[in-house]
Number of protein chains: 2
Amino acid sequence: MLSFTEENYLKTIYHLSDSGLKSVLTNEIAEAIQTKPASVTDMVKKLAIKNLISYEKYYGVKITRQGKTEALNIIRKHRLWETFLVEKLGFNWGEVHEVAEQLEHIQSPLLIEKLDEFLGFPSADPHGHPIPDKNGKFKVARQIPLAEAIGKKVVARAVKNSSPAFLDYLSKIGVYIGATLQVIDKMDFDGSLEIQIDAKKKVYISKEASENILVTE
Amino acid sequence: MLSFTEENYLKTIYHLSDSGLKSVLTNEIAEAIQTKPASVTDMVKKLAIKNLISYEKYYGVKITRQGKTEALNIIRKHRLWETFLVEKLGFNWGEVHEVAEQLEHIQSPLLIEKLDEFLGFPSADPHGHPIPDKNGKFKVARQIPLAEAIGKKVVARAVKNSSPAFLDYLSKIGVYIGATLQVIDKMDFDGSLEIQIDAKKKVYISKEASENILVTE
DNA sequence: TTATTTTTTTAGAGTAATCTAAACTTTTTA
DNA sequence: TAAAAAGTTTAGATTACTCTAAAAAAATAA
């Protein structure tokens, strides 16, 4: 069984590697986990011995099939808890991350199965990120940044940046996961967009923001 | 802030001391926490420095006012989570303890307030044990063992022994917290009782069992 | 009240995770 | 392609918690 710390490393490596596609360097992990590169080297060796990642000195790590399975299970738990916090307890979507970071380490397969059922087997968390099923499977519709949907009518599916400040901003202007967004116009001088939400409210959003909202057509 | 381990020691000391009344010896703590007396001595010194207990070498520890507050908060969290697991997720009352042992250490006052509200501010957990409020206050109706309620009509309020085996047995014969129990007869030769549950089903229960069911008149 | 037993503490060591400083590799730059 | 810079690893120390074995204190029995 993995320790709290090992789970955090594994999850971080999975995310940094783009779901296991690329290899990840020591410094990136250190930055993400807020620790020193020397500590990462130590932990990475431990995870390699357990066959969760493969480690080549000086060239970073790649997650193994086994490591991916473990990582997806942690991500599943994280996203189910976030869904619970928002849907059942009434948290704002910007408040849930830190609590879910703790809850994701609770060890009880039965608890997670029952929680999943209680939530109605959701396929995405409050930020629109897909929730892997028991076997680590999930489907993602092809999503594009809102910035690339000029003139189109699309549905908001996820956010790329989950910082509380950004989520707070979105709530204020009325953008939420599931909202229908029509991109009316693009300002040439700064790339900001004029959009209409749910065929009602019209707002302007910055280029930066439009690149962090993922949508489907 | 207290570590996971410190919280477990404090909670255990609180329970062993009868809610802070008596002092508790090193060996009792070691037994309860499944560790060695030498480890207890170390930890007890740490907790004493933090003013959560007072420690007199060779004579055991007493919990302080501050320690009691912390302990009650952990117990509050434990019991709210147990209630959640049974009422919302459909766990059996014998399955919840171990999971709640983990959940009680999650650090988020907001989470606990929202959970409390979601559950409708319950005053007792599924075993009938009182849930302290935010300020550590709770009221206990005067409870007596069923064994002392001969001939009376009472309401089951709590169990003294929370072992899965006992809880399982109670479920099987149909006794639950809140059930109305009428003690019809007491067998002289072994002290077992004939009881009627909710004015319906009649069953025999052993002396042992009747001492572990707490009731109010 | 002395001797024996039981309980508790101390001393010293081990494990997991972390750190700093120094050494070593790789990458970049000139 | 040699020198400088950036990134990574190693060595050795630190903290929190645990343990065993030995020493010390308290409780019990003779």
Side-chain angles (χ1 to χ4, degrees), chain A residues 1-18 22-63 67 70-71 74 98 101-102 104-107, chain B residues 1-14 16-18 22-63 67 70-71 74 101-102 104-107:
Chain A
M1 228 195 48
L2 299 184
S3 72
F4 186 101
T5 313
E6 290 169 327
E7 289 196 344
N8 276 337
Y9 270 87
L10 203 55
K11 186 190 56 169
T12 302
I13 291 167
Y14 178 85
H15 284 311
L16 290 175
S17 71
D18 245 319
K22 331 181 292 190
S23 42
V24 185
L25 301 175
T26 303
N27 263 6
E28 300 177 62
I29 300 172
E31 165 74 30
I33 252 162
Q34 287 287 67
T35 188
K36 303 292 164 186
S39 310
V40 174
T41 301
D42 285 351
M43 180 54 77
V44 134
K45 284 180 188 168
K46 258 186 73 179
L47 293 175
I49 287 168
K50 295 193 178 186
N51 262 301
L52 297 163
I53 58 179
S54 61
Y55 166 52
E56 208 184 337
K57 241 176 146 182
Y58 295 105
Y59 294 92
V61 302
K62 276 202 76 171
I63 200 155
E70 291 284 355
I74 301 160
E98 281 167 46
E101 287 283 295
Q102 297 181 61
E104 72 189 6
H105 301 291
I106 301 291
Q107 301 290 350
Chain B
M1 228 197 46
L2 299 184
S3 72
F4 186 102
T5 313
E6 289 169 328
E7 289 196 343
N8 276 337
Y9 270 87
L10 202 56
K11 186 189 57 170
T12 302
I13 292 167
Y14 178 85
L16 291 174
S17 70
D18 246 320
K22 329 182 292 188
S23 44
V24 186
L25 302 175
T26 303
N27 264 6
E28 298 178 64
I29 301 172
E31 165 74 30
I33 252 163
Q34 287 286 69
T35 188
K36 303 293 164 183
S39 309
V40 173
T41 302
D42 286 351
M43 180 54 77
V44 135
K45 284 181 188 166
K46 256 186 73 177
L47 293 175
I49 288 168
K50 295 193 178 185
N51 263 302
L52 297 164
I53 57 179
S54 61
Y55 167 51
E56 208 185 337
K57 239 175 147 182
Y58 294 104
Y59 293 92
V61 301
K62 277 201 77 172
I63 201 155
E70 290 284 355
I74 301 161
E101 288 282 295
Q102 298 180 61
E104 72 189 7
H105 301 291
I106 302 291
Q107 302 291 349

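Just so you know, these numbers use all the heavy atoms, side chains as well, and skip hydrogens, waters and symmetry mates. Below, read A as the first sequence line, B as the second, and so on, with proteins coming before strands; counting in each chain starts at 1.
Checking B/Gln107 against A/Glu98 by side-chain atom types alone, no donor-acceptor pair falls below 3.5 Å.
Nucleic acid contact class of A/Thr5 (heavy atoms, under 4.0 Å, all strands): sugar-phosphate only. In this structure, A/Tyr9 reaches the sugar-phosphate backbone alone: every heavy-atom distance under 4.0 Å involves primed, P, OP1 or OP2 atoms, never a base.
In this structure, the side chain of A/Ser17 engages the main chain of A/Ile13 through a donor-acceptor pair within 3.5 Å. The backbone N or O of B/Leu25 sits less than 3.5 Å from a side-chain atom of B/Glu28, completing a donor-acceptor pair. Listed for the B/Glu6 side chain is a donor-acceptor partner under 3.5 Å among the backbone atoms of B/Ser3.
Listed pair B/Ser3 / D/dA16 fails the phosphate criterion, with no side-chain N or O lying under 4.0 Å from OP1 or OP2. Contact check, B/Thr35 against D/dT18: no side-chain N or O comes under 4.0 Å of OP1 or OP2.
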(message) Base contacts versus sugar-phosphate-only contacts with protein, heavy atoms under 4.0 Å: please encode nucleotides 7-14 of chain C as B, S and - from 5' to 3'.
(response) SBBB----
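In this structure, A/Glu7 atom CD and C/dA16 atom P are separated by 16 Å, rounded to whole Å. If you measure from atom CD1 of A/Ile29 to atom P of C/dT18, you get 13 Å, rounded to the nearest angstrom. If you take CG of B/Leu47 and P of D/dA16, they are 13 Å apart, rounded to a whole angstrom.
The two residues B/Ala71 and B/Ile63 come nearest to each other via the heavy atoms CB-CD1, 4.3 Å.
Other residues, nucleotides and ligands contribute more than 12 heavy atoms inside 6.0 Å of the NZ atom of A/Lys50.
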